[in-house]
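Here's the structure, in structure tokens; my notes come after.
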Amino acid sequence: MTKSTKEIRKVSIVGTGAYLPEKVLTNHDLEKMVDTSDEWITKRTGIKERRIVDNGLATSDLATQAALRAIEDAGVSPKDVDLIITSTITPDTLFPSTSCYVQEKIGATGAGAFDVLAACAGFVYALSIGQCYVSSGAADTALIIGAECLSKITDYTDRTSCILFGDGAGAAVIQKSKGRHEILATYLGADGSQAGILTLPAGGSKMPTSYQTIDERMHFIKFRGKEVFKLAINTLTDLINDTIEKCGLTVDDVDLFIPHQSNFRIIEATMEKLGVPMEKAYFNIDRYGNTSSASVPIAIDEVSKSGRLKAGDIVLLAAFGGGLTWSSSVIRW
Ligand code: COA
């Protein structure tokens, strides 16, 4: 259970974990499902394959595996966790929250649990909320998760969208800082006037599920790809420039950029606009596709386990998604 607030404390990521389903869906597999080619997908998106969850599993199952790995990495017990925040656009159910299912599955008895919905920018939104709880003393050990089963809302008859998405989960445990992996800043933004360009139209109160919404395939992700593509590059570039300026840094001070993995060409164009060499950008989109909320925490976990960074390095997380939403965070490794 969270407590009343005490003092302002610095906050660190003390453990990370990720979980990817074993089943791989390659571009060659997709060639057999829709009119596409490995060459087109690779050239236009950078994606070679993505992971797909088994039918009987839900987002909380992936989230639980990632969470248990992060908890073990942090060297804490599930009983120490007093707050769980999951970012997802594919919750197990509209309610209860996916965080409540995770709480029960990991045995974090009594921990506060709720979900955040900010699409692909959601993990950093959740991290920012968790940071506020821990920095104020309202929580001591928060579990922040980004998890998705996007395959469940992907239309595998639509070649423009089914090539992009994959399933997966990533998690981070945050606590009062002990010096390493300190969260220096987080920034959030949104523009609701662009809500219609990237959305899941049916299943909410605006368009409840009906035979008609199913016939019209409105229970699958819809987007206007070219518009999203341009907005993503411009928004990410402005977001990164604003973030480093507010932190009193320059682009050169950043040792590693971890952008949301939506399209390799979006990452490439953003880095080019910033004047940053691609070696400074992390990408794994070739292996996992776009996993929405899960993409940033999966990348953080891979970076963390790879030994690529040394103490004191500056890492910048930047994400963009439906809403529109965007979010960034600066971490001193
Ligand atoms: N295989 C082969 N051809 C395809 C195809 C596929 N999977 N998907 C589309 N095409 C065709 C189109 O029909 C079009 O053909 P035409 O020129 O005869 O009309 C052509 O390829 C070009 O399509 P276009 O939509 O202009 O491609 P693009 O370069 O913009 O790439 C996306 C499309 C979807 C990959 C790209 O716009 C994108 O990544 N957008 C962002 C998507 C998004 O919202 N992601 C989530 C946000 S975080």
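Whatever order the structure lists them in is the order used to number ligands and atoms, beginning at 1.
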Ion pair [X]/[Y], N-O distance below 4.0 Å:
X	Y	value
Lys105	Asp61	yes
Asp140	Arg9	yes
Glu302	Arg287	yes
Arg69	Asp73	no
Arg159	Asp35	yes
Arg51	Asp167	no

Between ligand 1 and Arg224, can you find any atom pair, the residue atom being a heavy atom, that is separated by under 4.0 Å? no
Within the structure, is a non-hydrogen atom of Ile163 found at a distance of less than 4.0 Å from ligand 1? yes
Protein contact for [atom] (heavy atom, distance under 4.0 Å):
atom	value
atom 18 (O) of ligand 1	no
atom 6 (C) of ligand 1	yes
atom 9 (C) of ligand 1	yes
atom 1 (N) of ligand 1	yes

When you measure from [atom] to every protein heavy atom, which one gives the shortest distance, and what is it?
atom	value
atom 43 (C) of ligand 1	Val228 CG1, 3.7 Å
atom 23 (O) of ligand 1	Trp40 CZ2, 4.2 Å
atom 13 (O) of ligand 1	Arg159 NH2, 3.0 Å
atom 47 (C) of ligand 1	Leu198 CD2, 3.6 Å

Subset of ligand 1 atoms that lie under 4.0 Å from at least one heavy atom of [X]:
X	result
Gly225	37 (O), 40 (N), 41 (C)
Thr160	8 (N), 9 (C), 34 (C)
Lys226	24 (P), 26 (O), 30 (O), 37 (O)
Ser262	48 (S)
Asn290	46 (C), 48 (S)
Arg44	22 (C), 27 (O), 28 (P), 29 (O)
Arg265	28 (P), 29 (O), 31 (O)
Cys120	48 (S)

Looking only at side chains, do [X] and [Y] share a donor and an acceptor under 3.5 Å apart?
X	Y	answer
Asn263	Thr45	no
Ser161	Asp158	yes
Thr250	Asp253	yes
Ser177	Ser12	yes
Thr93	Tyr101	yes
Lys10	Ser135	no

Output yes when the distance from some N or O of ligand 1 to some N or O of [X] is under 3.5 Å, and no in every other case.
X	result
His260	no
Thr36	yes
Ser37	no
Asn263	yes

Between Phe264 and Phe283, is the ring centre distance below 6.0 Å? yes
